[in-house]
Each structure stands twice: as C-alpha cells, then as structure tokens.
There are 2 protein chains.
Amino acid sequence: MSETFEKDRRFASTLARGLSVLRAFRASDDGLSHMEIAERTGLPNATVSRLTFTLRELGYLSHAGKNDRYRLGPAALAIGNVASASVSFLETASDPMQKLANETGTLALFAVRDGEKMLLVKTWRPQNTASIWLEPGHRIPIFGSSSGMAVMACLSDAAFAALEPDDDLRSFRQTGYEQLLARGFAVAPNDTRYAASVNAVSVPFHAGEFGEPASFSCGALPEMLGDARMEEDVGPKLRDAVRALETRTGRSPALLKRG
Amino acid sequence: MSETFEKDRRFASTLARGLSVLRAFRASDDGLSHMEIAERTGLPNATVSRLTFTLRELGYLSHAGKNDRYRLGPAALAIGNVASASVSFLETASDPMQKLANETGTLALFAVRDGEKMLLVKTWRPQNTASIWLEPGHRIPIFGSSSGMAVMACLSDAAFAALEPDDDLRSFRQTGYEQLLARGFAVAPNDTRYAASVNAVSVPFHAGEFGEPASFSCGALPEMLGDARMEEDVGPKLRDAVRALETRTGRSPALLKRG
DNA sequence: AAATTGATTTCCGCATAGTGGAAATGAAGT
DNA sequence: ACTTCATTTCCACTATGCGGAAATCAATTT
C-alpha cells in the first residue's frame with residue numbers, strides 16, 4: 001500500500017506506480033539499485049521487479065551490465081526533450097538565468113507546484129562558485145519556501161481554497177502577496193523557512209503551458225546570501241530578469257492572473 | 001488491442017499504455033486533443049480517458065483551460081531534466097554539435113536504438129539555414145538510416161542475432177561495419193535509404209549510461225547535402241567532433257565495444 | 001431554441017491483469 | 001561451505017482496469 005490517496009475509479013494505479021519509479025530518480029543518483037527504488041517508492045519488492053522489467057523493456061530504464069544499477073533510459077530522455085521543446089520559454093529563459101546565476105553566485109532554478117510540493121524542474125548552477133545543492137526532480141515543501149510563497153500568492157482564491165490550507169499557509173500566502181505587490185519578489189520569513197541552510201528569493205511566472213503558476217528562484221547558503229543581499233541585490237535582479245522574460249515571450253505578470 | 005507484443009507475465013500493460021500516451025507527443029505538436037491521442041496510440045477512447053486522467057493527476061499532462069488540448073506537463077519536464085543531468089555527455093556534446101550544425105548547415109542529432117526503431121533524443125538545428133525537419137521523440141527505421149547502420153555495426157554479434165535480422169539487415173550492418181573501419185562514419189547506400197528526401201551521415205557513440213550503442217548524425221535535404229559532401233566534408237567533421245567528445249568524456253570509440 | 005454532429009466522459013458487469021507474501025535463486029562476503 | 005542480503009519467480013486471490021454502450025458536453029447549423 002503506497003501513499004496513493006486516490007480512490008477514484010478513473011485512476012489507473014499501476015500507471016501511477018510505474019511513474020513513481022521513474023520519479024524516484026534524482027539527478028545526483030549514480031543509478032539506483034532495485035532496493036533503493038523499493039524504499040523510495042514504498043512499493044513492495046515483487047512489484048518493483050515487475051515494473052522495472054516493463055520500464056526497461058520500453059527503454060525508460062536501462063540496466064547497463066547484468067548486475068548494474070538502474071538508470072533513466074533513452075525514452076525518458078526523449079520525453080523530456082519533447083517536453084522542453086514544447087515549453088518554449090524555458091529555452092528562452094536559459095541564457096539570462098545562467099547569466100544571473102553566474103553574476104550573483106547563486107543557484108537559479110525553475111519550479112512548479114506539484115501537489116503538496118514544489119517540484120524543481122530545471123536548475124542553473126553558477127559556473128565559478130561551488131554550490132552543490134538542489135537538483136532537477138527534487139521536491140521541496142511549499143510552506144516555508146520562497147518559491148512556494150510566490151506560487152501560492154498567485155493562485156486564485158478558489159484554487160487556493162481547493163488545497164484546504166491551514167491558517168499558517170493562509171498567512172504565508174498573504175505575506176507573499178504583499179511582498180510581490182510591494183517589490184515584485186518573495187522571500188520566506190525567517191521563522192518559517194523550511195531549511196535553515198538555504199536562503200532564496202523567488203518571482204512567480206505564469207507558464208500558460210501548464211495550468212499552474214510557477215516560479216523562478218535564486219538560492220544559496222545564508223552566508224553567501226544574507227537577507228540584505230536578497231532584498232537589495234539578487235531579488236531585484238531576478239525580478240527584472242523574469243519581467244524581461246515575460247515581455248519576450250508575451251505574457252503578463254503571474255500576479256495579475258490571480259483573478 | 002494495441003501493438004504490444006509482450007505477453008510476459010512480468011509485463012505491466014497498463015503502465016505501458018500510459019507511457020505510450022506520453023510518447024504520442026511530438027515536439028511540433030501544439031497540444032493534442034483527446035482523440036488525437038486515441039488515434040496515435042491505437043487505444044480505445046474510454047481507456048485514453050482514464051489514462052489521461054491519471055497522468056493529469058500526476059502532473060505528466062496538463063490541460064491549460066477547461067477544454068484545451070493536452071500538453072506534456074511539469075512532471076514530464078522534470079523527468080527529462082533528471083535524465084539529461086545524468087547523461088552528462090549530452091551536455092558536453094551540445095556546444096560542438098550546435099557549432100557543427102551551423103557550420104555545415106545540416107541538422108545534427110543524437111539517436112539511440114529503441115526496439116525496432118531509432119529514437120531521436122536531441123536535435124540541433126543550424127541557426128541560419130532553414131531546415132525544419134526531424135524532432136526529438138521522432139522514430140525512424142533502423143534499416144535504411146545511417147544512424148541505424150552505425151548502431152547496428154557496433155552491436156556485438158550476439159546482440160545483433162537477438163534481433164532476428166533478415167538478410168538485408170545483415171548486409172546493411174556489414175556495409176556499415178566496413179564503412180566505419182575505413183573512414184569512421186556511415187552513410188546508408190543510396191538504394192536502401194528509407195526516405196529519398198533525406199541524406200545523412202552518422203558516427204556511432206558508446207553511451208555507457210544506457211546499455212545500447214547510440215549515434216550522432218548530420219542530415220539535410222539531398223540538394224544541400226550530396227553524397228560528395230557527406231564523404232568529403234560533413235562526414236569527416238562529424239567523425240572528428242565525436243572523437244573529440246570521446247576523448248573529453250573518457251570513452252573509447254563505440255566500434256571497439258563490439259566484442 | 002431546438003436539432004445535428006462530434007468529441008469526451010461516465011457506467012458497469014466481466015475477465016484478466018496485477019498483487020504481494022513466501023519461496024527460490026543469485027551474488028558477496030567471511 | 002555457511003551466512004547475509006538483494007533480486008526474481010511462483011501462484012492463488014481479487015481488486016483493477018477493460019471497453020462497448022449510453023450519457024454529457026460543446027460547438028454549429030437551421
């Protein structure tokens with residue numbers, strides 16, 4: 001019994017389980033063993049075995065040698081490339097974001113909401129500074145992250161209500177909204193930050209391609225990126241970069257979509 | 001009944017069907033309607049409906065507005081990015097390949113074998129020349145394509161035999177092998193080319209990450225890229241680019257792995 | 001507004017595909 | 001050879017997914 005909460009008749013759980021196997025991979029993993037997959041997904045061994053067989057058969061996973069670990073295969077790559085090609089703004093964003101990462105020495109990233117979490121879709125590491133940190137595929141909590149704050153702030157009241165938010169999340173969202181109105185970027189209040197080891201600024205972005213608002217962020221260790229620098233340096237730069245992107249790709253600011 | 005031929009007890013067909021829905025998307029599609037998905041996958045409507053519901057639920061597909069078409073969603077993007085991050089050579093290859101595409105005015109691409117077909121994983125279009133053509137996610141036949149020839153030539157005899165090749169494919173492979181030995185790149189013989197409208201040269205590449213040999217290619221319309229130019233200009237350039245890549249990423253030439 | 005057409009979703013009884021505990025196999029160590 | 005740990009296979013059970021058909025929903029036409 002996995003953590004699936006769907007019991008809708010329309011929900012194909014085998015498919016969901018199979019995908020959860022693919023989702024188990026992180027960019028930093030140098031392949032996963034069978035058992036690691038079972039642990040990460042919470043699926044029983046026998047099930048993982050059948051699913052990996054299928055995924056391998058279809059090219060989504062590969063098993064270099066006989067007893068090697070699993071890796072994402074060519075088919076996964078292809079889907080990703082098709083997806084990126086159809087999400088044109090990411091390509092457009094890539095250059096300025098890489099530049100921003102280099103200039104500010106922070107990790108730039110693009111994230112979307114995925115259920116209860118923020119899903120990191122793409123990251124740009126600064127080329128000089130070392131900042132081994134979050135990677136694509138990683139999920140961070142909405143509450144307490146600046147990207148979560150930016151995204152929540154842009155949700156319409158109805159969409160937000162659908163999440164059945166508690167009071168903390170409500171006021172978290174409210175703070176985000178005020179910050180965005182005031183200066184166009186969001187920073188999670190110190191006392192709510194989900195990880196003490198990470199400071200980040202975020203700017204929401206309305207990616208028509210998926211229904212959800214999403215966000216661009218810059219993050220780094222607090223030593224490198226104190227509150228002052230977020231407010232005065234990195235925040236404004238990120239905001240301007242995202243505004244430029246909105247102009248180039250012909251979108252209106254995400255906050256306006258709140259409805 | 002789709003074209004699945006697996007009847008192995010271990011094969012999870014619901015998962016395979018769900019993935020075939022994702023696979024139905026091409027980079028050029030501006031979203032797919034429900035019915036287009038049904039057509040492309042050969043699945044009955046009701047089934048597509050349940051599968052898209054699930055995929056939407058999980059973020060692999062998105063449905064911008066109420067009655068909009070389906071697009072690949074954030075989760076698909078994320079998987080792809082995880083996959084690309086773990087396939088480091090593609091990143092390394094990106095610059096030289098783009099350069100090669102520009103210099104030669106051809107479409108450069110990277111493909112892997114996926115079952116009976118060659119699966120285009122990534123493409124680099126020349127920036128000046130117009131060459132709207134194959135896209136990531138597209139599949140082309142092995143027989144008659146230069147990339148197929150390059151890949152077949154690098155397969156070990158055992159692996160090749162496992163494909164149950166006919167005589168045509170055997171000699172196709174043999175030709176490829178000889179070409180690669182002689183000058184390091186492969187061009188499909190004129191009379192076997194699978195599409196008259198496409199000329200291409202390929203060089204195999206051993207991507208340890210997936211078990212399969214893969215290939216880099218340059219292709220264009222025959223008017224732009226005659227046999228002579230393939231032999232004397234583009235072929236050698238591509239071969240040298242791939243050799244340089246092998247050196248940089250510390251791999252031995254794919255042909256040597258044939259065993 | 002009623003009628004037509006066409007796409008999409010829901011219904012629901014049935015057969016089968018998928019499940020997971022347990023046992024068998026396989027791979028490393030000691 | 002023995003122990004331990006990872007992976008695959010077996011198999012009886014039943015929940016799951018199937019797909020034809022009917023019901024909705026949307027967009028046109030009359």
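So you know, we letter chains A, B, ... as the sequences are listed, proteins then strands, and number each from 1.
For the pair A:H34 NE2 and D:dT9 P, the interatomic distance rounds to 10 Å; values are reported in whole Å. One atom, CD of B:E39, and another, P of C:dT8, lie 10 Å apart when rounded to the nearest Å. The CG-P distance, from B:L55 to D:dG17, rounds to 13 Å in whole Å. Atom-to-atom, CE of A:M35 to P of D:dT8 comes out at 13 Å; the value is rounded to the nearest Å. As a whole-Å value, the separation of A:R10 CZ from D:dC18 C1' is 16 Å. Atom NE2 in B:H63 sits roughly 15 Å away from atom P in D:dC25 (whole-Å rounding). As a whole-Å value, the separation of B:N45 CG from D:dG20 P is 10 Å. At whole-Å resolution of the value, CZ in A:R56 and C1' in D:dT8 are 10 Å apart.
Residues that satisfy the side-chain contact (heavy atoms from CB on, under 4.5 Å) test with A:I79, not counting sequence neighbours, are A:Y60, B:L22, B:A76. For B:S217, the side-chain hydrogen bond (donor to acceptor under 3.5 Å, both in side chains) partners two or more places apart in sequence, or in a different chain, are B:S202. Judged as a side-chain hydrogen bond (donor to acceptor under 3.5 Å, both in side chains), and not counting sequence neighbours, A:T123 has no contacts. Residues satisfying the ring pair (Phe, Tyr, Trp, His ring centres under 6.0 Å) test with B:F216, not counting sequence neighbours, are B:F110, B:F205. For A:T92, the side-chain hydrogen bond (donor to acceptor under 3.5 Å, both in side chains) test picks out no residue, with sequence neighbours left out. Residues satisfying the salt bridge (Lys or Arg N to Asp or Glu O under 4.0 Å) criterion with A:E91, sequence neighbours excluded, are absent altogether. The ring pair (Phe, Tyr, Trp, His ring centres under 6.0 Å) test applied to A:F143 returns A:F172, not counting sequence neighbours.
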Can you give me the N/O atom pairs linking the protein to nucleotides 15-19 of chain C at distances under 3.5 Å, or say none if there are none?
from, atom 1, to, atom 2, distance (Å)
C:dG18, OP1, B:S13, N, 2.8
C:dG18, OP1, B:S13, OG, 3.3
C:dG18, OP1, B:T14, N, 2.9
C:dG18, OP1, B:T14, OG1, 3.1
C:dG18, OP2, B:F11, O, 3.2
C:dG18, OP2, B:S13, N, 3.3
C:dG18, N7, B:R9, NH2, 3.3
C:dG18, O6, B:R9, NH2, 2.7
C:dT19, OP1, A:R17, NH1, 2.8
C:dT19, OP2, A:R50, NH1, 2.6
C:dT19, OP2, A:R50, NH2, 3.3
C:dT19, O4, B:R9, NH2, 3.3

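Put simply, the side chain of B:R139 never gets that close to the backbone of B:K117: no donor and acceptor are under 3.5 Å apart. For the pair B:R173 (side chain) and B:L155 (backbone), a donor-acceptor distance under 3.5 Å is present.
The C1' atoms of five pairs define one axis at each end of the helix from C:dA1-D:dT30 to C:dT30-D:dA1, and these two axes lie 40° apart (to 10°).
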